[in-house]
Amino acid sequence: MNVSKYLYCSAALLMSVSVPSLVAAQPAATSATPTKATGATGYLAMAGASDKYEIQSSELALGKSKSTAVKQFAQMMIDNHNKTTQTLVKAASSAGITPPPPQLMPAQTKMIEQLQGLSGTQFDAAYVKQQRQAHDMALALHRNYSKEGDVPALRTAAAGAVPIVEQHRQHLSHMK
């Protein structure tokens with residue numbers, strides 16, 4: 001599968017991935033193949049949305065969670081995802097690309113809204129579940145782009161994000 005088709009499929013999947021109560025019908029991904037510039041821009045948009053979701057949901061966790069482990073994880077998410085955003089912006093800039101401003105996808109907005117309405121152990125359970133889903137998607141996105149991406153500087157940045165996301169997934173595997 002080429003990276004352009006993967007980005008469209010990933011975008012459609014990310015838009016449909018959510019806590020079961022938030023799943024809504026999404027339109028099918030387009031089969032049109034974008035140009036290489038669109039591939040890089042699509043990757044940057046999806047990576048930016050991923051980082052923004054991680055940061056916003058983790059900021060909520062710092063205020064709503066009663067669990068020390070969740071708060072420590074949330075702080076790590078904020079720190080690491082701010083760094084990955086900076087790395088991607090620098091890589092894009094070095095390639096002469098202006099990344100789009102990070103914007104949450106509709107499903108991510110719904111996930112944030114769900115977290116806003118929860119507290120205590122219900123918040124913690126939903127946050128951890130959402131983090132697992134988000135990190136599975138982020139790992140697939142970065143792995144694929146690091147192998148098939150159309151911009152060398154972004155491929156390098158994507159490859160650098162892979163071990164960070166893997167570390168996050170490892171932490172999540174030990175959380176309830």
Side-chain angles (χ1 to χ4, degrees), residues 1-18 26 28-59 61 73-109 111-112 127-175:
M1 175 181 293
N2 72 33
V3 78
S4 301
K5 289 180 183 175
Y6 176 80
L7 288 173
Y8 279 126
C9 291
S10 294
L13 184 57
L14 184 59
M15 289 172 55
S16 67
V17 171
S18 66
Q26 297 295 326
T30 180
S31 61
T33 303
T35 65
K36 288 186 177 186
T38 303
T41 303
Y43 168 70
L44 286 166
M46 290 179 65
S50 177
D51 280 346
K52 185 171 183 146
Y53 165 77
E54 295 296 342
I55 293 165
Q56 284 188 358
S57 62
S58 295
E59 288 171 343
F73 180 80
Q75 188 60 60
M76 180 175 65
M77 293 303 91
I78 293 166
D79 296 342
N80 289 351
H81 286 283
N82 276 318
K83 288 178 187 174
T84 57
T85 296
Q86 291 171 359
T87 299
L88 284 172
V89 168
K90 286 179 186 176
S93 180
S94 75
I97 300 169
T98 301
Q103 295 182 355
L104 295 178
M105 293 187 179
Q108 292 167 320
T109 299
M111 292 164 74
I112 293 288
Y127 173 77
V128 169
K129 183 176 182 175
Q130 287 183 14
Q131 291 302 309
R132 286 183 180 129
Q133 293 171 339
H135 281 85
D136 288 346
M137 291 298 302
L139 184 59
L141 173 70
H142 293 301
R143 273 188 181 158
N144 187 287
Y145 197 87
S146 72
K147 294 176 185 174
E148 299 182 25
D150 54 346
V151 176
L154 292 177
R155 278 198 316 265
T156 299
V162 168
I164 295 167
V165 176
E166 287 174 336
Q167 177 192 28
H168 296 169
R169 290 176 75 226
Q170 183 66 28
H171 281 282
L172 284 164
S173 71
H174 300 294
M175 297 175 75

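Below, all heavy atoms of this structure are taken into account, side chains as well, without hydrogens, waters or symmetry copies.
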Item to check | Approximate separation, where rounding is to 0.5 Å, of His135 NE2 and Gln170 CD | outcome: 12.5 Å

Item to check | His81/Thr84 under side-chain contact (heavy atoms from CB on, under 4.5 Å): CA gap, chis, key distance, verdict | outcome: CA-CA 5 Å; His81 286 283; Thr84 57; 3.8 Å; yes

Item to check | Closest heavy-atom pair and its distance - Ser57, Ile112 | outcome: N-CD1, 3.5 Å

Checklist entry - Which pair of non-hydrogen atoms, one from Val165 and one from His142, has the smallest distance, and what is that distance? => result CG2-CD2, 4.1 Å

Next on the checklist: Using side-chain contact (heavy atoms from CB on, under 4.5 Å), reason through Met111 and Gln133 one step at a time and then give a plain yes or no.
Outcome noted: CA-CA 11 Å; Met111 292 164 74; Gln133 293 171 339; 4.0 Å; yes

Checklist entry - Closest approach of Ala158 and Ser146, non-hydrogen atoms and distance? => result CB-N, 3.8 Å

Item to check | Closest approach of Gly39 to Tyr145 (non-hydrogen atoms, all atoms of both residues) | outcome: O-CE1, 4.1 Å

Checklist entry - Quick one: does Asn144's side chain have a donor or acceptor within less than 3.5 Å of a partner on Ala140's backbone? => result no

Next on the checklist: Just verifying a value: how many Å separate Lys52 NZ and Asn82 CG, rounded to the nearest 0.5 Å?
Outcome noted: 11.5 Å

Checklist entry - Quick one: side-chain hydrogen bond (donor to acceptor under 3.5 Å, both in side chains) partners of Gln75, sequence neighbours excluded? => result Asp79

Item to check | Phe73 side chain near Leu172 side chain, heavy-atom distance below 4.5 Å | outcome: yes

Checklist entry - Do Gln131 and Glu54 touch side chain to side chain, with heavy atoms closer than 4.5 Å? => result yes

Next on the checklist: Looking at Met46, is its backbone amide N or carbonyl O close enough to the side chain of Ser50 to form a donor-acceptor pair, meaning the two atoms are under 3.5 Å apart?
Outcome noted: no

Item to check | For Asp136, side-chain hydrogen bond (donor to acceptor under 3.5 Å, both in side chains) partners two or more places apart | outcome: Arg169

Checklist outcome for this item: Taken in chain and number order and not counting sequence neighbours, the residues that satisfy side-chain hydrogen bond (donor to acceptor under 3.5 Å, both in side chains) with Asn80 are His168

Checklist outcome for this item: In short, Leu154 meets Leu88 closest at the heavy-atom pair CD2-O, 4.0 Å

Item to check | Heavy-atom closest contact (Leu141 atom, Ala47 atom, distance) | outcome: CD2-N, 3.7 Å

Next on the checklist: Using the side-chain hydrogen bond (donor to acceptor under 3.5 Å, both in side chains) criterion, which residues pair with Thr85? Sequence neighbours excluded.
Outcome noted: Asp51

Item to check | Any residue meeting ring pair (Phe, Tyr, Trp, His ring centres under 6.0 Å) with Tyr53, in chain and number order, not counting sequence neighbours | outcome: none

Item to check | Pairs where residues 151-166 contributes a residue and the test side-chain hydrogen bond (donor to acceptor under 3.5 Å, both in side chains) is met, not counting sequence neighbours | outcome: Arg143-Glu166

